[in-house]
Amino acid sequence: MHPPTLFTKQTFKPLLQVCSSCPNQLKQIHAIVLSTGLSIKNSLITQLLTCFTILGDMPYARQLFDEMHKPRTFLWNTLIKGYVKNELPCEAASVYRQMHSLGISPDPFTYPFVVKACSGLGETWEGEAIHGHVVKYGLEFVAMVRTELMIMYVKFGELGLADFLFESMVERDLVAWNALIAACVQMGYAGKALSLFRQIGVDGIQPDAVSVVSALSGCGQLGCLEIGEEIYRLARKEGIDCNIIVENAHLDMYVKCGSVEMARDLFEIIPCRNVVSWSTMIAGYAMNGESEKALALFSRMQSEGLKPNYVTYLGVLSACSHSGLVSQGRAYFNRMAHSGDKNIQPRKEHYACMVDLLGRSGHLDEAFNFIKSMPMEPDSGVWGALLGACVIHQNLELAQHVADNLFEVAPAIASYHVLLSNVYATAGRWDCVDKVRLRMRKKGIKKITAYSSVESDGEIHVFFGGDRSHPQSASIYDKLEELLKQMKCIGYIPKTGYVLHDVEMEDKEVTLSTHSEKLGIVFGLINVKPEYPIRVMKNLRVCEDCHTFSKFISKITGRNIIMRDKKRFHHFRNGVCSCKDFW
DNA sequence: GTAGGGTTAG
């Protein structure tokens with residue numbers, strides 16, 4: 001029997017269509033063709049290459065690429081795109097460098113992905129070099145290239161350069177607006193993102209669902225409920241398609257503003273809830289300390305036939321962690337590990353969650369052994385969780401050991417140095433505290449300045465510790481003094497000793513009584529209508545004294561205070577906090 | 001023949 005005389009595009013096309021989602025079958029086809037000893041046309045390898053990049057088997061795609069005779073620019077582009085889509089920016093950049101050194105001319109389609117690879121790499125010099133190439137080839141005004149360059153500079157924190165590229169864009173279309181807004185939100189510049197969102201109209205362009213998603217996400221980040229509501233209402237009025245992604249962003253905005261009830265009501269009426277909606281709601285309950293509801297929702301999700309993913313499990317474990325449900329946490333973790341489903345095998349984040357749960361509940365040894373049992377290298381999140389637990393339980397010896405490991409994987413994260421310093425401080429080891437501070441200064445590690453923000457009448461008011469820049473400062477400080485007096489009469493004692501948790505080391509002149517969250521709360525008391533809760537958002541963890549202060553305030557004023565810190569929500573009502581003082 | 005923007009977690 002003779003083999004087919006020649007494999008052509010026509011032979012392959014139907015085969016590839018049938019097998020395009022199955023890597024093994026594709027590989028078999030490739031092997032059969034090779035075994036005939038006939039030469040394979042580049043166009044056929046091209047089709048295979050595209051299939052494998054989509055399927056995510058980049059090693060095989062690379063092998064195919066290397067077999068090709070003089071691949072043309074289009075194929076280099078395909079390979080680069082494959083690496084970027086499979087989150088391998090390093091490989092993508094290296095392919096581009098190879099292409100460049102071989103003198104292959106790039107085309108307008110080359111750069112969007114090369115630039116995206118640079119954003120992912122985070123190497124500023126490399127990004128700037130690529131920008132140079134773009135200019136050299138005269139491609140800087142190609143809209144897609146420019147848009148990607150703009151995103152890259154936002155990711156590098158070079159907002160000025162991003163602005164310049166945006167302002168001087170020839171065809172500044174909706175995608176360019178959306179790209180810039182989304183990049184700003186993702187990098188934590190939500191205020192800038194919202195101000196851009198408001199300006200979209202100046203180009204005579206209407207925002208679409210993508211713009212609204214980013215804007216809502218920005219509102220969640222800032223904790224501005226009123227602005228978020230207004231944006232959603234307008235989107236509806238303007239007839240913008242409020243698809244499931246918009247609704248999920250809407251839901252997330254409620255969650256991040258601490259409005260669990262509003263989130264729940266919305267969740268119940270979202271038409272086509274998907275795994276993101278369920279995960280958001282579960283995590284929302286978890287963050288707000290309603291662990292029973294989170295776990296009940298998780299059961300309901302499964303009984304409705306929806307498959308949880310690894311993010312869903314993060315919500316479940318964090319629910320356990322925020323409420324100290326140790327045995328349940330262990331059970332959920334084991335369920336993941338033994339599920340046989342590779343999509344929900346525990347990742348580093350799940351280990352970090354478990355370490356947090358075990359450690360804060362006082363099982364420090366178990367937490368430490370748990371880390372040792374990890375099948376992958378623990379990252380700073382995992383070690384950081386244990387260090388946090390060491391601070392709470394004042395285990396100096398373990399803390400030092402943990403810190404050694406932690407600083408090896410993450411030497412420059414300020415909050416971890418602060419945590420270690422707090423362990424020493426609590427133990428009265430001021431010599432060691434000084435050493436930590438000295439090390440931070442030597443390495444140029446700057447502590448993050450704490451601030452709190454409060455929304456009032458659609459505006460965000462930001463307060464730093466000891467801040468007197470707010471126009472209402474005088475009345476805020478007067479009211480604060482008056483309240484402190486009242487509180488002391490009913491038993492409030494300022495905790496002037498060293499604070500626990502990863503709270504910033506305040507400058508010496510910033511006294512405890514003027515921490516940013518206290519100023520925020522008092523501002524809220526003066527400005528927020530009595531029927532509404534006061535929502536305070538803090539960029540770091542709330543300190544112990546401010547936590548106590550808030551409980552007293554909620555008691556003496558009868559106001560509800562919702563405080564979001566770096567990790568969770570605290571709902572203060574009538575002298576009690578929803579976290580039950582376990583945080 | 002190929003192309004830029006969106007939601008959960010961290």
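Residue numbering restarts at 1 for every chain, and letters A, B, ... go by the order of the sequence lines.
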Original post:
What nucleic acid atoms does A:Leu314 come within less than 4.0 Å of, heavy atoms only: base, sugar-phosphate, or nothing?
Top reply: sugar-phosphate

Original post:
Is there a side-chain polar atom (N or O) of A:Gln47 under 4.0 Å from OP1 or OP2 of B:dG1?
Top reply: no

Subject >> A:Leu139 CG to B:dT2 P, straight-line distance once rounded to whole Å >> reply: 18 Å

Original post:
NA contact type, A:Asn243, heavy-atom cut-off 4.0 Å: base, sugar-phosphate, or nothing?
Top reply: base

**OP:** Check the distance between B:dG1's C1' and A:Ile54's CD1 and give it to me in whole angstrom.
**Re:** 12 Å

Original post:
Taking atom types as they are modelled, is there a donor-acceptor pair under 3.5 Å from the base of B:dG6 to the side chain of A:Asp208?
Top reply: no

**OP:** Rounded off to whole Å, could you give me the NZ-to-P distance for the A:Lys566 and B:dG10 pair?
**Re:** 11 Å

Original post:
When we call it a touch if two heavy atoms are under 4.0 Å apart, what does A:Val145 touch: a base, just sugar-phosphate, or nothing?
Top reply: nothing

Original post:
To the nearest Å, how far apart are A:Tyr310 OH and B:dT8 P?
Top reply: 11 Å

**OP:** Describe the nucleic acid contact of A:Leu216 in one word from base, sugar-phosphate, nothing, applying a heavy-atom distance below 4.0 Å.
**Re:** nothing

Original post:
When we call it a touch if two heavy atoms are under 4.0 Å apart, what does A:Thr280 touch: a base, just sugar-phosphate, or nothing?
Top reply: sugar-phosphate

Original post:
Between B:dT7, B:dA9, B:dG4, which nucleotide has the shortest distance from any of its atoms to the side chain of A:Ala249?
Top reply: B:dT7

Subject >> Derivation and outcome, ring pair (Phe, Tyr, Trp, His ring centres under 6.0 Å), residues A:Tyr111 and A:Tyr96 >> reply: CA-CA 9 Å; A:Tyr111 285 106; A:Tyr96 172 74; 5.6 Å; yes

**OP:** Identify whether any heavy atom of A:Ala143 sits under 4.0 Å from a base atom; if not, whether one sits that close to sugar-phosphate; answer base, sugar-phosphate or nothing.
**Re:** base

Original post:
Looking only at side chains, do A:Glu128 and A:His131 share a donor and an acceptor under 3.5 Å apart?
Top reply: no

**OP:** Name the closest nucleotide to the A:Phe74 side chain, picking from B:dT8, B:dG10, B:dG1.
**Re:** B:dG1

**OP:** Quick one: label A:Asp252 by what it contacts on the DNA or RNA (base, sugar-phosphate, nothing), any heavy atom closer than 4.0 Å.
**Re:** sugar-phosphate

**OP:** Say whether, by atom type as modelled, one donor and one acceptor occur between the side chain of A:Arg564 and the main chain of A:Lys256 under 3.5 angstrom.
**Re:** yes

Subject >> Whole-Å gap separating P (B:dT7) and CD (A:Gln186) >> reply: 5 Å

**OP:** Mind calculating the distance between CD1 (A:Ile282) and C1' (B:dT8) to the nearest angstrom?
**Re:** 10 Å

Original post:
So, does A:Ser168 use its side chain to make a donor-acceptor pair with the main chain of A:Phe164 at under 3.5 Å?
Top reply: yes

**OP:** Would you please confirm or rule out a distance under 4.0 Å between OP1 or OP2 of B:dA3 and any side-chain N or O of A:Lys81?
**Re:** yes

Subject >> Aromatic centroids of A:Tyr313 and A:Tyr332 separated by under 6.0 Å >> reply: no

Original post:
Between A:Asn248, A:Thr312, A:Val311, which is the residue that forms a side-chain contact (heavy atoms from CB on, under 4.5 Å) with A:Val276?
Top reply: A:Asn248

**OP:** Please state how far atom CG in A:Leu251 lies from atom P in B:dT8, giving the value in whole angstrom units.
**Re:** 11 Å

**OP:** Could you work out which one of B:dG4, B:dT8, B:dT2 sits closest to the side chain of A:Val276?
**Re:** B:dT8

Subject >> Closest nucleotide among B:dT8, B:dG6, B:dA3 to the A:Lys256 side chain >> reply: B:dT8

Original post:
Contact class for A:Ala209 (heavy atom, under 4.0 Å): base, sugar-phosphate, or nothing?
Top reply: base

**OP:** Tell me which nucleotide among B:dG1, B:dG6, B:dT2 gets nearest to the side chain of A:Arg72.
**Re:** B:dG1

Subject >> Protein-nucleotide distance (A:Phe298, atom CZ; B:dT8, atom P), rounded to Å >> reply: 20 Å

Original post:
Closest to the A:Ala182 side chain: B:dT7, B:dG4, B:dG6?
Top reply: B:dG6

